[in-house]
**Student:** 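Take a look at the following structure, please.
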Amino acid sequence: MADPGTPRKSRGGIFFLIIILLVLLNVVMWYFNVNSRKEVEVKDTALAQKEDELKVARVQLDSIKSVLNDKIAEVAKLGGDTTELHNMMRKLERDLKSARGARTGDIRKIKELAERVEEYEEELGKRDEEIAKLKAERDQMFEDNKSLKTNMAAREDSIAAMSRHTKDLADKVATAAILRAENVKVSTIDAKGKEHGGEASYRAKKVDKIKVSFNLAENKLAKVENKDVYLVVQAPDGTTLSDLSLGGGSFSADGKELQYTSKQSVLYEYTKPGVVFVYGKGSPLAAGGYNVEIYCEGTKIGTGSFAIK
């Protein structure tokens with residue numbers, strides 16, 4: 001007789017086996033799910049990292065462009081050649097355009113941009129050295145110009161001092177070369193031609209002419225030439241006896257325009273030439289004191305006086 005409990009045991013074993021298989025299946029599926037999530041996370045992390053690297057490259061390139069613009073302006077201000085810097089700028093702008101159009105997943109492009117950033121930074125470092133050299137040359141040139149200006153100013157001061165000294169010397173020589181009238185004597189001549197001199201005053205009715213005589217003092221500095229000598233006779237009222245018909249006229253002396261009574265041209269040869277003026281009065285002389293002045297080369301060289309009563 002068959003055992004009725006046998007089929008139940010078989011069924012129970014099969015059910016238990018199925019449960020075990022399901023558990024194993026769930027474990028396997030869980031394992032694959034976990035690994036899959038990890039792979040996704042790794043990929044997401046890597047993608048985010050590449051995206052960050054791309055952003056950094058773009059920011060760095062923008063920053064390098066700003067720095068490069070400043071260096072171009074600085075080099076131009078210092079008078080340097082900006083050709084290579086402008087070429088670098090054109091290349092940088094192409095790389096910037098490429099960076100803005102790059103995709104996050106383009107690993108090769110991102111790596112290439114990072115290398116470009118390093119190249120630009122290295123190149124900018126070299127440009128800093130060139131700028132420092134240009135500044136040093138500018139500073140040296142400034143110092144040289146400053147020194148040159150100082151030397152020029154000193155030379156101009158020296159030349160000005162020499163010019164003043166030369167002018168002073170010339171003025172002294174010119175002053176020393178002025179002739180002097182010595183032994184000025186004033187006398188009168190009456191209508192009979194008789195000369196009267198050494199008197200305190202002369203009667204007007206006995207005065208027909210006025211005679212002024214003197215010597216030109218010896219002066220080795222004076223030029224040997226004909227000298228124009230002017231006689232000025234001033235009346236008691238301060239006016240000058242000057243009549244064109246009697247040889248009068250005007251001349252310049254001491255910066256002024258003056259009237260003269262008579263004029264002579266005298267050859268001066270370092271000796272003491274005697275000079276005589278005889279002035280025939282045109283009308284009776286008024287009573288009072290008269291001043292006599294002698295001029296040569298625009299300077300008063302002698303004086304005298306007489307009186308009429």
Side-chain angles (χ1 to χ4, degrees), residues 167-168 170-219 221-223 225-309:
K167 185 178 183 302
D168 291 342
D171 291 343
K172 289 179 181 178
V173 171
T175 300
I178 294 175
L179 297 177
R180 300 297 174 189
E182 296 179 330
N183 303 317
V184 179
K185 296 179 181 179
V186 180
S187 58
T188 62
I189 300 174
D190 59 24
K192 296 180 180 180
K194 185 177 180 180
E195 184 177 345
H196 304 273
E199 300 178 15
S201 60
Y202 303 94
R203 294 182 179 277
K205 62 181 180 179
K206 290 186 177 182
V207 176
D208 184 57
K209 297 176 182 178
I210 299 169
K211 179 181 178 181
V212 179
S213 62
F214 56 89
N215 295 101
L216 293 177
E218 182 178 350
N219 190 332
L221 295 177
K223 291 182 179 180
E225 60 184 359
N226 285 318
K227 308 286 187 180
D228 287 334
V229 182
Y230 299 89
L231 173 68
V232 176
V233 179
Q234 293 179 335
D237 61 0
T239 61
T240 298
L241 302 181
S242 180
D243 189 333
L244 291 176
S245 64
L246 298 175
S250 63
F251 71 110
S252 296
D254 299 327
K256 299 177 182 178
E257 189 73 15
L258 303 177
Q259 297 295 315
Y260 65 83
T261 304
S262 185
K263 169 188 173 183
Q264 281 191 46
S265 180
V266 179
L267 177 60
Y268 186 80
E269 298 179 296
Y270 299 139
T271 57
K272 293 184 177 183
V275 182
V276 177
F277 280 94
V278 177
Y279 177 68
K281 64 183 181 64
S283 59
L285 297 176
Y290 286 75
N291 291 321
V292 174
E293 296 177 345
I294 302 163
Y295 290 83
C296 184
E297 296 179 322
T299 302
K300 186 189 296 185
I301 65 171
T303 61
S305 63
F306 66 98
I308 298 295
K309 60 182 178 180

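Everything numeric here is computed off the predicted structure, so don't read it as measured data.
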**Student:** For residues Ala191 and Asp208, report the shortest heavy-atom separation together with the two atoms involved.
**Tutor:** N-CB, 3.7 Å
**Student:** So, do Lys281 and Lys209 sit near enough that their side-chain heavy atoms are less than 4.5 Å apart?
**Tutor:** no
**Student:** Measure the shortest side-chain to side-chain distance between Lys263 and Asp228 over non-hydrogen atoms and say whether it is less than 4.5 angstrom.
**Tutor:** yes
**Student:** With a 4.5 Å cut-off on side-chain heavy atoms, are Thr303 and Asn291 touching?
**Tutor:** no
**Student:** Rounded to the nearest 0.5 Å, what separates atom CG in Leu216 from atom CD in Glu182?
**Tutor:** 9.0 Å
**Student:** Tell me the closest heavy-atom pair linking Ser187 and Glu195, and the distance in Å.
**Tutor:** OG-OE2, 2.8 Å
**Student:** To check you understand the geometry: which heavy-atom pair defines the closest contact between Ile294 and Ala181, and what is its length?
**Tutor:** CD1-CB, 4.2 Å
**Student:** What closest approach, in Å, do Ala307 and Ala200 show between heavy atoms, and which atom pair accounts for it?
**Tutor:** CB-O, 3.6 Å
**Student:** What residue pairs, at least two apart or across chains, pass side-chain hydrogen bond (donor to acceptor under 3.5 Å, both in side chains) with a residue in residues 244-255?
**Tutor:** Asp243-Ser245, Ser250-Glu257, Ser252-Glu257
**Student:** Leu241 and Ala235: which non-hydrogen atoms are nearest, and at how many Å?
**Tutor:** CD2-CB, 4.2 Å
**Student:** Counting only heavy atoms not in Lys192 (residues, nucleotides, ligands), do more than 12 fall under 6.0 Å from its NZ?
**Tutor:** no
**Student:** Counting distance only, does the side-chain N/O of Ser213 pair as donor-acceptor with the main-chain N or O of Val276 below 3.5 Å?
**Tutor:** no
**Student:** Working to the nearest 0.5 angstrom, can you tell me the gap between Ser305 OG and Gln234 CD?
**Tutor:** 11.5 Å
**Student:** When you measure from the side chain of Thr261 to the backbone of Val233, do you find a donor-acceptor pair of N or O atoms at a distance under 3.5 Å?
**Tutor:** yes
**Student:** Quick one: does Asp190's side chain get under 4.5 Å of His196's, heavy atoms only?
**Tutor:** yes
**Student:** Passes side-chain contact (heavy atoms from CB on, under 4.5 Å), Leu258 versus Val232? Steps please.
**Tutor:** CA-CA 9 Å; Leu258 303 177; Val232 176; 5.8 Å; no
**Student:** How many angstroms lie between CG in Leu179 and CD in Glu218, if you round to the nearest 0.5 Å?
**Tutor:** 11.5 Å
**Student:** Gln259 and Thr240: which non-hydrogen atoms are nearest, and at how many Å?
**Tutor:** O-CG2, 3.6 Å
**Student:** Tell me the ring pair (Phe, Tyr, Trp, His ring centres under 6.0 Å) pairs involving residues 283-309, sequence neighbours left out?
**Tutor:** Phe251-Tyr295, Tyr290-Phe306
**Student:** Could you check whether any side-chain heavy atom of Tyr202 comes within less than 4.5 Å of a side-chain heavy atom of Ile308, counting everything from C-beta outward?
**Tutor:** yes
**Student:** For Glu225, give me all partners under salt bridge (charged side-chain N to carboxylate O under 4.0 Å, His left out), at least two apart in sequence or on another chain.
**Tutor:** Lys227
**Student:** Nearest 0.5 Å, what's the CD-CG distance between Glu269 and Asn226?
**Tutor:** 9.0 Å
**Student:** State the CD-NZ distance between Glu297 and Lys223, to the nearest 0.5 angstrom.
**Tutor:** 8.0 Å
**Student:** State whether the side chain of Tyr279 and the backbone N or O of Val212 hold a donor-acceptor pair below 3.5 Å, judged by distance alone.
**Tutor:** no
**Student:** Val229 vs Phe214, test: side-chain contact (heavy atoms from CB on, under 4.5 Å). Steps then yes/no.
**Tutor:** CA-CA 11 Å; Val229 182; Phe214 56 89; 3.9 Å; yes
